[in-house]
Amino acid sequence: MTGEALQNRWLCGQNDRRAASGPFFGRPERRARPISPSQRLFSRIARVIRRLLLIALLVSSSVPALAEDPLDEVSGTEAWTPPPRRRAEGSTRYSELQRRMMFEAEREEALEYSWDRPDFIRRRRDMPTPATLAGKHPPQSRPSNSKAPAPSPTRPEPVPAVAKDPLAAAPSADEPPSAPPWGPDPAEAALPPWPSEEEARGPLISGRLFTHLFAPFTKQPFQDSIRQLSASLWLSGKASIGEIASARFTLTGDAFQARVGSSEHFRARIREAYFLFAKSGLELRVGQQVLPWGNADGYNPTDFLGARDYTFLASDDELRRLGSLTAQASWTPDSGSSPFTLSLSWTPIAPRSRPLIPSSALPAGLIELEAASPAAKLSESALTIRASYLGAGWDAALVGFHGYSHLPELALDSVGPEGTSITKEFNRLDAIGAEASFSYDKWIFRFEGAWRATANPDGTNPLVEPSGLDAVVGIERPIGEHVRVHGQMLWRYYPSFQGPETVSAGDPMEAEIQRGLASANALLHNYQDQSLPASTLRLTFETADSELELSALAFVNWVGLDFLVRPSLLYRFAETGTVAVGIDYYGGPKDRPFGALHEYRSLFVETKWVF
């Protein structure tokens with residue numbers, strides 16, 4: 001007899017019994033008829049839905065009984081608890097089908113959980129206990145040379161229930177920290193030794209790898225001459241020397257297939273190499289180091305020691321920075337806990353930047369000579385003092401500088417039958433500056449400014465930048481969760497100013513050359529007018545998973561209306577790897593700073609890998 005016949009026979013028997021019991025259960029004169037295939041399908045669907053609802057109800061009712069670890073409520077960290085398999089095995093509440101479905105779900109969860117097992121054990125081992133939360137004992141890590149016997153290969157038992165307030169039962173200060181309440185874990189025996197304090201500080205050797213491709217921004221960018229094709233490798237190392245001293249270094253190597261303004265194919269440099277001594281709020285750094293100062297975005301009037309190689313094309317200005325031999329001493333009162341810090345820096349050899357000089361900036365027929373090497377003399381050194389204060393939601397600093405400008409100025413060397421030779425001079429610079437920032441709600445306000453006293457205090461020599469004021473005011477704010485806006489207003493003002501047309505000399509040819517050099521210096525140093533306002537605007541959008549970042553930078557000089565626009569798209573293909581694509585577009589009149597760089601309009605592709 002088939003299953004359908006048996007089911008029809010059972011339904012008929014049910015109706016017979018209902019008819020015998022009276023009209024309350026059914027009409028005695030009606031007989032059950034065989035069910036149709038559609039009715040059978042609806043019945044099976046309803047039966048499956050009832051089973052799913054029952055299983056969901058049982059699982060949801062058993063969840064509170066599984067979270068019995070007191071650390072879940074105290075620390076707010078998700079803790080692992082053995083799954084309810086054994087409870088299901090010994091229970092009669094669940095049918096065999098329900099138990100099989102629960103066991104299958106537990107097996108899939110265990111497979112996913114096993115991938116992060118070692119990392120979980122490390123985090124679980126150092127999770128704060130009720131005693132540490134009460135301030136009694138610091139978190140204890142398993143020592144690297146622990147000889148404790150390996151835990152038994154048994155499954156950890158469920159965490160026993162505790163009092164509602166676990167802090168009330170915290171041990172006293174005389175008692176050692178108790179063992180973790182979740183018991184030994186069999187997977188912990190397979191872990192490598194726990195790292196020591198020195199190993200936890202990070203790797204002794206780390207590195208960064210960069211690649212840069214800058215192609216002309218034309219209709220056929222990769223068929224014209226490539227601006228720059230390079231690969232750079234940075235290796236950084238650190239080592240502790242006793243308890244108060246350490247040594248750090250960063251070595252860089254660049255390989256060029258093509259480059260602007262040079263024919264070299266490889267170069268190696270020592271970016272940083274210094275000794276650090278620190279004790280009781282005193283810190284001393286001696287050696288080659290990079291000292292970036294200023295809090296503004298991309299333009300820092302107080303960055304007096306920030307020499308850069310502007311012939312190296314890169315969207316990240318940090319890659320252009322050059323180190324300098326410097327001795328810096330810093331003092332923070334109260335053994336380093338005070339918000340006040342006083343720093344004193346001495347640079348025996350002033351750093352020198354390498355400017356990017358467009359071909360249209362120089363008069364025709366000039367022979368450019370290299371600048372003389374700086375002399376290691378006390379009178380030629382640079383001295384900087386900086387006092388900073390870090391408050392609650394705000395910070396401020398005062399800076400004083402006595403030294404030389406790291407940007408060169410063109411000067412006439414000689415005029416002869418073989419041609420006119422020019423050289424680069426680094427003139428004396430004395431400056432005092434200030435910087436400050438504070439936050440209010442989601443707003444961040446920044447200020448940075450400096451008064452620069454140059455070798456042309458009265459402004460009568462157009463070949464040298466006159467003394468003047470340089471200031472930046474910026475505002476930054478996030479919009480929503482993924483967008484950030486940063487705007488700045490820049491202003492440069494020279495009280496005493498004379499233009500290049502005022503240059504005069506006894507020889508008319510020499511006077512013409514001097515006026516050409518004065519115009520070139522004014523163009524390169526951006527002092528073509530007495531008052532120079534400018535603005536910057538940066539928009540950044542980042543996805544929720546931080547894999548994509550879209551940004552756009554605009555820099556506009558309002559006198560002359562020359563500008564720089566840099567849109568870019570960055571993709572994080574790995575935790576430590578990124579690739580960026582963007583455009584550097586220079587526009588405006590060709591006799592203005594950004595307009596003169598029109599020949600360097602580029603489409604760039606950059607990659608970065610940290611290891």
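Position 1 is the first residue of the sequence; numbering continues from there.
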Query - Chi angles and distances behind the side chain to side chain contact (heavy atoms under 4.5 Å, CB included) call for Trp443, Ile475 - result: CA-CA 7 Å; Trp443 298 86; Ile475 301 177; 3.5 Å; yes
Does [X] reach the side chain of [Y], with side-chain heavy atoms less than 4.5 Å apart?
X      : Y      : result
Ser236 : Ile205 : no
Gln530 : Tyr493 : yes
Ile422 : Asp413 : no
Val559 : Pro533 : yes
Tyr571 : Glu547 : yes
Phe426 : Glu380 : no
Ser360 : Lys590 : no
Val260 : Tyr600 : yes

Quick test of your reading of the model: are [X] and [Y] salt-bridged, counting only N-O distances below 4.0 Å?
X      : Y      : answer
Asp309 : Arg267 : yes
Arg452 : Asp470 : no
Arg446 : Glu435 : no

Enclosure of [X] [atom1] (heavy-atom neighbours >12, cutoff 6.0 Å):
X      : atom1 : value
Ile432 : CD1   : no
Glu481 : CD    : no
Trp451 : CH2   : yes
Ile270 : CD1   : no
Phe275 : CZ    : no

Query raised in the report: Going by the angle between their ring planes, with limits at 30° and 60°, are Tyr585 and Phe563 parallel, tilted or perpendicular?
Result: parallel
Query raised in the report: Do the ring planes of Phe573 and Trp609 sit parallel (below 30°), tilted (30 to 60°) or perpendicular (above 60°)?
Result: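 Parallel, since the angle between the ring planes stays under 30°.
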Can you name the nearest heavy-atom pair linking [X] to [Y], along with the distance?
X      : Y      : result
Lys424 : Pro408 : CB-CB, 3.8 Å
Tyr274 : Gly287 : CB-CA, 3.8 Å
Ala511 : Ser504 : CB-C, 4.4 Å
Arg269 : Leu322 : NH1-CD2, 2.8 Å
Arg285 : Leu276 : CG-CD1, 3.5 Å
Pro348 : Leu325 : CD-O, 3.2 Å

Is there a donor-acceptor pair under 3.5 Å between the side chain of [X] and the backbone N or O of [Y]?
X      : Y      : result
Arg592 : Asn557 : no
Asn521 : Leu410 : yes
Arg386 : Thr341 : no
Arg248 : Ala239 : no
His212 : Leu229 : no
Arg320 : Phe312 : yes
Ser405 : Leu407 : yes
Asp562 : Gly588 : no
Glu448 : Asn295 : yes
Glu272 : Val290 : yes

Nearest 0.5 angstrom please: [X] [atom1] to [Y] [atom2], how far?
X      : Y      : atom1 : atom2 : value
Trp293 : Ser345 : CH2   : OG    : 4.5 Å
Ser602 : Leu597 : OG    : CG    : 10.0 Å
Gln328 : Leu305 : CD    : CG    : 9.0 Å
Ile385 : Phe401 : CD1   : CZ    : 13.5 Å
Leu235 : Arg271 : CG    : CZ    : 13.5 Å
Tyr527 : His525 : OH    : NE2   : 6.5 Å

Report task. Go through His406 and Phe304 one step at a time and tell me if the side chain to side chain contact (heavy atoms under 4.5 Å, CB included) criterion holds. Result -> CA-CA 8 Å; His406 60 82; Phe304 305 117; 5.9 Å; no
Report task. May I have the step-by-step check of side chain to side chain contact (heavy atoms under 4.5 Å, CB included) for Ile226 and Gln257, ending in yes or no? Result -> CA-CA 9 Å; Ile226 301 297; Gln257 180 64 28; over 6 Å; no
Query raised in the report: Given Asp303 and Arg308, is the salt bridge (charged side-chain N to carboxylate O under 4.0 Å, His left out) satisfied, shown in steps?
Result: CA-CA 11 Å; Asp303 193 11; Arg308 296 171 177 83; 3.0 Å; yes
**Report entry** Full working for side chain to side chain donor-acceptor pair (under 3.5 Å) between Trp491 and Ser531
**Finding:** CA-CA 7 Å; Trp491 185 49; Ser531 180; 2.9 Å; yes
Report task. Starting from the C-alpha separation in whole Å, work towards a yes-or-no answer on side chain to side chain donor-acceptor pair (under 3.5 Å) for Ser551 and Ser568. Result -> CA-CA 6 Å; Ser551 64; Ser568 63; 2.8 Å; yes
Are [X] and [Y] linked by a side-chain donor-acceptor pair shorter than 3.5 Å?
X      : Y      : value
Thr311 : Arg259 : yes
Thr250 : Trp234 : no
Glu283 : Ser330 : no

Requested in this report: Evaluate the ring-ring contact (aromatic ring centres under 6.0 Å, His included) criterion for residues Phe340 and Tyr389: first the C-alpha distance (whole Å), next the side-chain angles of each, then the deciding distance (0.1 Å), finally the verdict.
Outcome: CA-CA 5 Å; Phe340 174 78; Tyr389 188 91; 7.2 Å; no
Query - Worked check of side chain to side chain contact (heavy atoms under 4.5 Å, CB included) between Thr211 and Leu213 - result: CA-CA 7 Å; Thr211 62; Leu213 171 61; over 6 Å; no
Query raised in the report: Of Phe445, Trp394, Phe447, which is the lone residue that meets ring-ring contact (aromatic ring centres under 6.0 Å, His included) with Phe438?
Result: Phe445
Report summary line: In Asn427, Thr423, Thr454, the residue satisfying side-chain hydrogen bond (donor to acceptor under 3.5 Å, both in side chains) with Glu409 is Asn427
